[in-house]
Protein chains: 2
Amino acid sequence: MAEEIAMHDGESPPSALTDGTTGLHDGELQSVAFLAKSLSDENRLRILLCLGRGKKAVGSIVEELGLSQPLVSHHLKELKRTLLVTIERSGPFIYYQLSDPAILATVRDLNAVAQNLLATRKTF
Amino acid sequence: MAEEIAMHDGESPPSALTDGTTGLHDGELQSVAFLAKSLSDENRLRILLCLGRGKKAVGSIVEELGLSQPLVSHHLKELKRTLLVTIERSGPFIYYQLSDPAILATVRDLNAVAQNLLATRKTF
DNA sequence: TTAACATATCAATAGATATTTATATGTCAA
DNA sequence: TTGACATATAAATATCTATTGATATGTTAA
């Protein structure tokens, strides 16, 4: 009866039996979720792919993608927060660049998996 | 060299591992965002890794991860909607399994990228 | 200084979603 | 049928976030 467990802020929901085969502990799980969430927005992906062709100032991204400047700025802030991009100031310009080209390979891998799932869905 | 050409159509992989041209059209961008969003929850990742060791009934997952049954059911529904898992009924049991083992490799890749970003962050 | 430009931030809104509690559906055995 | 079990669904809440429009901050040139 008296089995109430009051979960307070942000610690382990389950008991810490780790997830075995692929062997990711809680911190790594958190990192993966963190990164995946950053990659889960179409406009952020557009920005990342755009930056895949070299560092660019905010205005260039705005112009190239046709998104509003505050929106691009917002997503760039998020991409910086999640360590996917770095900045480099030059006068009034702020150039953003990918912090790791491996990010592009990851996006391509995600696309490959997604397309394969869509192609071979045998679920009815 | 020419500027990168935007849209490629469905089948041919752009073969861009070293050149920066990761041309994804809107549908692919949507798919990537879709998949990434499904991978952006810690508990869903736990479930996926759990299923990486074979098909399991809901109760097993609940017990193994220490999450509530409705929560696990909710996440399984989401994973099924995003094509990451498939089901197989057997009596009152419903067995869930990964629809593609490549998903595990993708999670591992995400972790590798994330850990690398954390390790080599030169921001401050 | 002022003016013009580049970028960031603020405030408000709207929609998504993770979680919990409670309840419903479905299956099988006795 | 009843009862026990496995799973799904409903409803409520709370949190998060993408987007927009307006405004602020900061940099350079005149």
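Letters A, B, ... are given to chains in the order of the sequence lines, protein chains preceding strands, and every chain is numbered from 1. Computed from a predicted structure; not experimentally measured.
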**Student:** Counting primed atoms plus P, OP1 and OP2 as sugar-phosphate and everything else as base, spell out the protein contacts along nucleotides 3-18 of chain D at 4.0 Å heavy-atom distance: B, S or - for each nucleotide, 5' to 3'.
**Tutor:** ---SBBB-------SS
**Student:** When the distance from CD of A:E42 to C1' of C:dA16 is rounded to whole Å, what number comes out?
**Tutor:** 15 Å
**Student:** Sequence neighbours left out, what passes salt bridge (Lys or Arg N to Asp or Glu O under 4.0 Å) with B:E78? Give chain and number order.
**Tutor:** B:R81
**Student:** Tell me: CG of A:L67 to P of C:dT7, nearest whole Å?
**Tutor:** 15 Å
**Student:** Below 3.5 Å, can you tabulate the donor-acceptor pairs from side chains in residues 32-41 of chain B to any protein atom, sequence neighbours excluded?
**Tutor:**
from  : atom 1 : to    : atom 2 : distance (Å)
B:S38 : OG     : B:T82 : OG1    : 2.8
B:S40 : OG     : B:K37 : O      : 2.6
B:D41 : OD1    : B:N43 : N      : 2.9
B:D41 : OD1    : B:R44 : N      : 3.0

**Student:** Between atom NZ in A:K55 and atom C1' in C:dT7, what is the gap in whole Å?
**Tutor:** 18 Å
**Student:** For residues 58-71 of chain A, pull every pair meeting salt bridge (charged side-chain N to carboxylate O under 4.0 Å, His left out), keeping only residues two or more places apart or in separate chains.
**Tutor:** A:R53-A:E64, A:K56-A:E64
**Student:** Kindly write out the residues that satisfy salt bridge (Lys or Arg N to Asp or Glu O under 4.0 Å) with A:E88, not counting sequence neighbours, or none if the list is empty.
**Tutor:** A:K55
**Student:** Going by salt bridge (charged side-chain N to carboxylate O under 4.0 Å, His left out), name the pairs with one or both residues in residues 93-102 of chain B, residues two or more places apart or in two chains.
**Tutor:** none
**Student:** Under a 3.5 Å cutoff, is there a donor and acceptor pairing between the side chains of B:Q115 and B:N111?
**Tutor:** yes
**Student:** Identify all stems in which DNA chain C takes part, counting only runs of at least 3 consecutive pairs (Watson-Crick or G-U wobble, each distance under 3.5 Å), and give each as one range with another, ordered by first number.
**Tutor:** C:1-30 with D:1-30
**Student:** Rounded to the nearest angstrom, tell me the gap between atom CD1 in A:I61 and atom P in C:dA6.
**Tutor:** 14 Å
**Student:** Once side chain to side chain contact (heavy atoms under 4.5 Å, CB included) is applied, do any residues pair with B:V58, and if so which ones, sequence neighbours excluded?
**Tutor:** B:V62, B:V72, B:L76, B:Y96
**Student:** Using the salt bridge (Lys or Arg N to Asp or Glu O under 4.0 Å) criterion, which residues pair with B:E42? Sequence neighbours excluded.
**Tutor:** B:R46
